[in-house]
Protein chains: 2
Amino acid sequence: MDDIDQAIIRCVLRNARATYAEIGKAAGLSPSAAKRRLDRLVATGAIRGFSALVDPQAMAWHTEAFVEVYCAGNPTPAELGKALEDIPEVVEACTVSGAADAMLYMLARDIPHLEQAIQRVRSTAPVERTESAIVLSRLLTRPRGREGALSSKA
Amino acid sequence: MDDIDQAIIRCVLRNARATYAEIGKAAGLSPSAAKRRLDRLVATGAIRGFSALVDPQAMAWHTEAFVEVYCAGNPTPAELGKALEDIPEVVEACTVSGAADAMLYMLARDIPHLEQAIQRVRSTAPVERTESAIVLSRLLTRPRGREGALSSKA
DNA sequence: TTTGAAATGGATTAGAG
DNA sequence: CTCTAATCCATTTCAAA
């Protein structure tokens with residue numbers, strides 16, 4: 001992880017669909033070298049993947065919920081993640097300490113849509129039981145600076 | 001915004017670097033039709049951009065927790081928000097349905113730091129009891145469009 | 001070990017139907 | 001929306017620093 005990798009990450013954070021030529025230009029590399037480094041960043045796990053930034057307003061999804069998931073058996077985190085990946089209503093998912101196996105943060109159009117999405121979670125993953133806390137009002141949201149740690153330029 | 005657009009969004013949420021051929025296959029469309037729809041979704045703002053998912057390990061603070069807050073009496077959401085505002089470790093806070101009054105998402109350097117921050121929550125706000133679920137591993141994180149990335153394509 | 005350059009196979013994109 | 005065709009890009013290979 002050097003300055004070139006950081007430049008690549010910054011570029012691809014700004015636009016995940018950038019071509020290797022664009023990535024290379026941002027990092028001062030040829031397209032083939034840029035591809036090699038990007039592939040390595042993905043392979044080593046520094047980059048977990050690439051996703052679209054969907055406007056929740058455009059989809060009119062404004063029903064939020066925290067969902068505790070209690071699993072049947074003990075599926076691996078990887079299995080759980082794979083199963084949840086196809087459910088776009090699941091915005092975040094973590095395994096957690098305590099009684100529940102996982103905590104989901106879900107976003108849906110409305111209550112029926114949320115209910116349907118939770119049903120989909122229950123049928124897709126080896127889930128025994130879920131416990132939902134629907135968000136009533138948002139008290140505060142602080143920017144998390146996920147990319148902040150990487151944006152320190154040399 | 002129909003089922004085809006939804007399928008395109010699902011595909012590109014899963015992998016923003018998918019080719020138009022892959023997107024089209026996921027949506028039952030030809031590559032050129034897939035490109036036209038995706039371009040339109042970006043142009044209308046339904047998709048704000050495409051970004052990489054960087055390993056949170058790169059962050060300085062990498063201990064996360066979901067904290068359920070049970071209040072003494074019934075403070076207003078405004079009072080709660082005001083009390084939590086001064087605690088930087090509280091990244092998100094919502095009032096929720098169910099037994100708990102509020103759900104916090106907290107971010108700290110490590111477990112001692114998290115414990116100290118929770119103590120601070122308990123002493124600052126009229127909190128009766130808290131129940132914490134520390135994040136063990138992150139299964140998936142979808143950007144919520146807060147990062148404000150913009151495609152550089154014309 | 002990592003880069004840059006060339007070649008080819010496949011993807012992207014505009015235009016026509 | 002599909003099809004077609006021209007262009008552009010991704011990916012591999014290979015030689016060089």
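The analysis underlying the following values was restricted to heavy atoms, covering all of them including side chains, and did not include hydrogens, waters or symmetry mates. We name chains A, B, ... by the order of the sequence lines, and we start the count at 1 in each one.
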A:Arg138 and B:Glu92: CA distance, side-chain angles, deciding distance, side-chain contact (heavy atoms from CB on, under 4.5 Å) verdict: CA-CA 8 Å; A:Arg138 190 158 274 275; B:Glu92 288 184 41; 2.9 Å; yes
Atom pairs and distances, side-chain donor-acceptor, residues 66-84 of chain A, under 3.5 Å, sequence neighbours left out:
residue	atom	partner	partner atom	Å
A:Thr76	OG1	A:Glu79	N	3.1
A:Glu79	OE1	A:Thr76	N	3.0

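- Between A:Asp86 and B:Arg10 no salt bridge is recorded (no basic side-chain N to carboxylate O distance below 4.0 Å).
- Contact between B:Arg40 and B:Asp5 at its shortest, heavy atoms only, is NH2-OD2, 3.0 Å.
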Under 3.5 Å donor-acceptor pairs involving side-chain atoms of residues 129-137 of chain B, not counting sequence neighbours:
residue	atom	partner	partner atom	Å
B:Arg129	NH1	B:Glu131	OE1	3.0
B:Thr130	OG1	B:Arg122	NH1	3.3
B:Ser137	OG	A:Thr95	OG1	2.7

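- For D:dC9, neither phosphate oxygen OP1 nor OP2 lies less than 4.0 angstrom from any side-chain nitrogen or oxygen of A:Tyr20.
- Counting to the nearest Å, the C1' atom of C:dA11 and the CZ atom of A:Arg17 are 11 Å from each other.
- At distances below 3.5 Å, at least one donor-acceptor pair connects side-chain atoms of A:Thr44 with backbone N or O atoms of A:Leu41.
- In this view, B:Glu22 and B:Ala18, B:Thr19 satisfy the side chain to side chain contact (heavy atoms under 4.5 Å, CB included) rule, not counting sequence neighbours.
- Taking the screw axis at each terminus of the helix from C:dT1-D:dA17 to C:dG17-D:dC1 from five consecutive base pairs, the angle between the two is 40° to within rounding of 10 degrees.
- When atom types are taken as modelled, the side chain of A:Ser123 and the backbone of A:Arg120 share a donor-acceptor pair closer than 3.5 angstrom.
- Within a 6.0 Å sphere centred on CG of B:Asp3, other residues, nucleotides and ligands contribute 12 heavy atoms or fewer.
- Within residues 2-12 of chain B, no residue has a heavy atom under 4.0 Å from DNA chain C.
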Per-nucleotide protein contact string for nucleotides 1-6 of chain D, where B marks a base within reach and S marks sugar-phosphate only (heavy atoms under 4.0 Å, - for neither): BBB---
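- Here D:dC8 presents its P atom at 21 Å from NZ of A:Lys35, a figure rounded to the nearest Å.
- Per the geometry, CD belonging to B:Glu22 stands 13 Å off C1' belonging to C:dT12, to the nearest Å.
- For A:Glu115, the CD atom is loosely surrounded, since the number of other residues' heavy atoms within 6.0 Å does not exceed 12.
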